[in-house]
K.L.:
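A single structure is presented below for examination.
Atoms within a ligand are numbered from 1 in the order they appear, just like the ligands themselves. Values in this document were obtained by computation on a predicted structure and should not be read as measured data. Here, residue 1 is the first one in the sequence, and each next residue gets the next number.
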Amino acid sequence: MTRQAIVAANWKMNGDSALVDNIVSGLANVKLSSHVDVVICPSFAYLSELNQKIKAAKLNEAIHVGSQNLSEHESGAFTGEISTAMLQDLAINYVIVGHSERRSIYKETSLQVAKKVNAALDAGLTPILCIGESEVERVTGETEAVLSAQIQPVIDEVGIDKFIDVVIAYEPVWAIGTGKTASSAMAQETHKFIRQFLAQQSELVSDKVPLLYGGSVNAANCEELFAQTDIDGGLIGGASLKAEQFKIICSAAKGK
Ligand code: 13P
């Protein structure tokens, strides 16, 4: 079995229609290996426009659009939120869940994140579950405990069988937007821990779930990171806003 590789772009609160056009034309003749999916996650405001322009430009069918968030609630009085039904309506099939900025700035708890993953899976959306430790947690040797405590509530909520459809993005918080990438060896060691943690509960899930690395990935370091045994692609912030860089990163990914 080949495990799918994924390169996901998280535009965060950046971008506009000009960036949509720029990325769509930049990816026009991108070379992707087989078993690679590309997922571009703009702000809610551009989901539909990006999706339509990707289709109109007849880009590679492995290029998808994803949301940066979703509500764990079905519908109702939740101002500013977006539901799974709305994402389905827009033909969106991926969603980032539990990004460290959602956890730290908007105080999303691991239980809430678990409910969001469950809502996504029930709606047939692929959740990209973000996990990662802070610098202090890394220095004090708590990385593995923190990551376990972020993954386990999700497994408890959705059940290990359904977890097979989850994608995990490991993003050390200290490497996000700082230019401080984890070394490829350090990233591999942590990915290996995550894979072993999953294997304790299901070998099948552990073999199948793509593990993405995120945190200052760019065109210069992506090849070495993606070559690591347990790294199946990346979740890219800043470098995903530059079409030329992002294209190089997409082409570096390979299924394993
Ligand atoms: P940077 O690639 O800008 O460090 O951002 C990483 C990230 O948070 C992607 O979700």
K.L.:
Kindly check if the number of other-residue, nucleotide or ligand heavy atoms within 6.0 Å of CD (Glu224) is above 12?
P.N.:
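No, not enclosed.
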
K.L.:
Between Leu235 and ligand 1, find which residue part has any heavy-atom pair under 4.0 Å and reply side chain, backbone, both or neither.
P.N.:
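It is both backbone and side chain that touch ligand 1.
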
K.L.:
By number and element, which atoms of ligand 1 are closer than 4.0 Å to a non-hydrogen atom of Ser216?
P.N.:
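Atoms satisfying the 4.0 Å criterion: 1 (P), 2 (O), 4 (O).
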
K.L.:
I'd like to know if Asp21 and Lys53 make a salt bridge, using a cut-off of under 4.0 Å between side-chain N and carboxylate O.
P.N.:
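A salt bridge links Asp21 with Lys53.
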
K.L.:
Salt bridge between Asp122 and Lys162, side-chain N to carboxylate O under 4.0 Å?
P.N.:
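Salt bridge flag = yes for Lys162 with Asp122.
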
K.L.:
Counting only heavy atoms not in Glu74, do more than 12 fall under 6.0 Å of its CD?
P.N.:
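Result for CD/Glu74: open.
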
K.L.:
If you have a sec, work out which protein heavy atom is nearest atom 9 (C) of ligand 1 and how many Å separate them, to one decimal?
P.N.:
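Checking every protein heavy atom, the shortest distance to atom 9 (C) of ligand 1 gives Glu171 OE2, 2.9 Å.
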
K.L.:
Within this structure, what is the CD1-CG distance for the pair Ile194 and Leu211, rounded to the nearest 0.5 Å?
P.N.:
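Nearest 0.5 Å value for the CD1-CG distance: 6.0 Å.
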
K.L.:
Determine whether any heavy atom of Gly214 lies closer than 4.0 Å to an atom of ligand 1.
P.N.:
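Outside the 4.0 Å threshold, so no.
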
K.L.:
Parallel, tilted or perpendicular: which describes the rings of His191 and Tyr213, with under 30° parallel and over 60° perpendicular?
P.N.:
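His191 vs Tyr213 ring planes: tilted.
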
K.L.:
For ligand 1, note which part of Ala175 has a heavy atom under 4.0 Å away: side chain, backbone, both or neither.
P.N.:
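Backbone only.
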
K.L.:
Which atoms of ligand 1 have any heavy atom of His99 under 4.0 Å away?
P.N.:
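Heavy-atom distances to His99 below 4.0 Å select 7 (C), 8 (O), 9 (C), 10 (O).
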
K.L.:
Within the structure, does Ile176 bring an N/O atom to less than 3.5 angstrom of an N/O atom in ligand 1?
P.N.:
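The answer is no, given that Ile176 and ligand 1 share no N or O pair closer than 3.5 Å.
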
K.L.:
Does ligand 1 come near enough to Glu101 that some N or O of the ligand is less than 3.5 Å from an N or O of the residue?
P.N.:
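No: no nitrogen or oxygen of Glu101 is under 3.5 Å from one in ligand 1.
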
K.L.:
As an exercise, state the distance from CD of Glu135 to OG1 of Thr140, rounded to the nearest 0.5 Å.
P.N.:
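Taking CD in Glu135 and OG1 in Thr140, the distance rounds to 10.5 Å.
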
K.L.:
Side chains of Leu225 and Thr181: does their closest heavy-atom pair fall under 4.5 Å?
P.N.:
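In contact.
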
K.L.:
So is Gly215 in contact with ligand 1, going by heavy-atom distances below 4.0 Å?
P.N.:
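Distance cut 4.0 Å: Gly215 passes for ligand 1.
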
K.L.:
Number the atoms of ligand 1 from 1 as they appear, then name those within less than 4.0 Å of a heavy atom of Gly237, with their elements.
P.N.:
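Listed by number with element, the hits are 1 (P), 2 (O), 3 (O), 5 (O), 6 (C), 9 (C).
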
K.L.:
Please write down residue, atom name and distance for the protein heavy atom closest to atom 4 (O) of ligand 1.
P.N.:
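Its nearest protein heavy-atom neighbour is Gly177 N, 2.6 Å.
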
K.L.:
Considering only protein heavy atoms, which is closest to atom 3 (O) of ligand 1, and at what distance to one decimal place?
P.N.:
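For this ligand atom, the closest protein heavy atom is Gly238 N, 2.8 Å.
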
K.L.:
Main chain of Asp232, side chain of Arg3: is a donor-acceptor contact present, judged purely on distance under 3.5 Å?
P.N.:
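No: the side chain of Arg3 does not pair with the backbone of Asp232.
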
K.L.:
Mind checking whether Lys12 has an N or O less than 3.5 Å away from an N or O of ligand 1?
P.N.:
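Between Lys12 and ligand 1 (N or O atoms, distance only) the closest approach is under 3.5 Å.
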
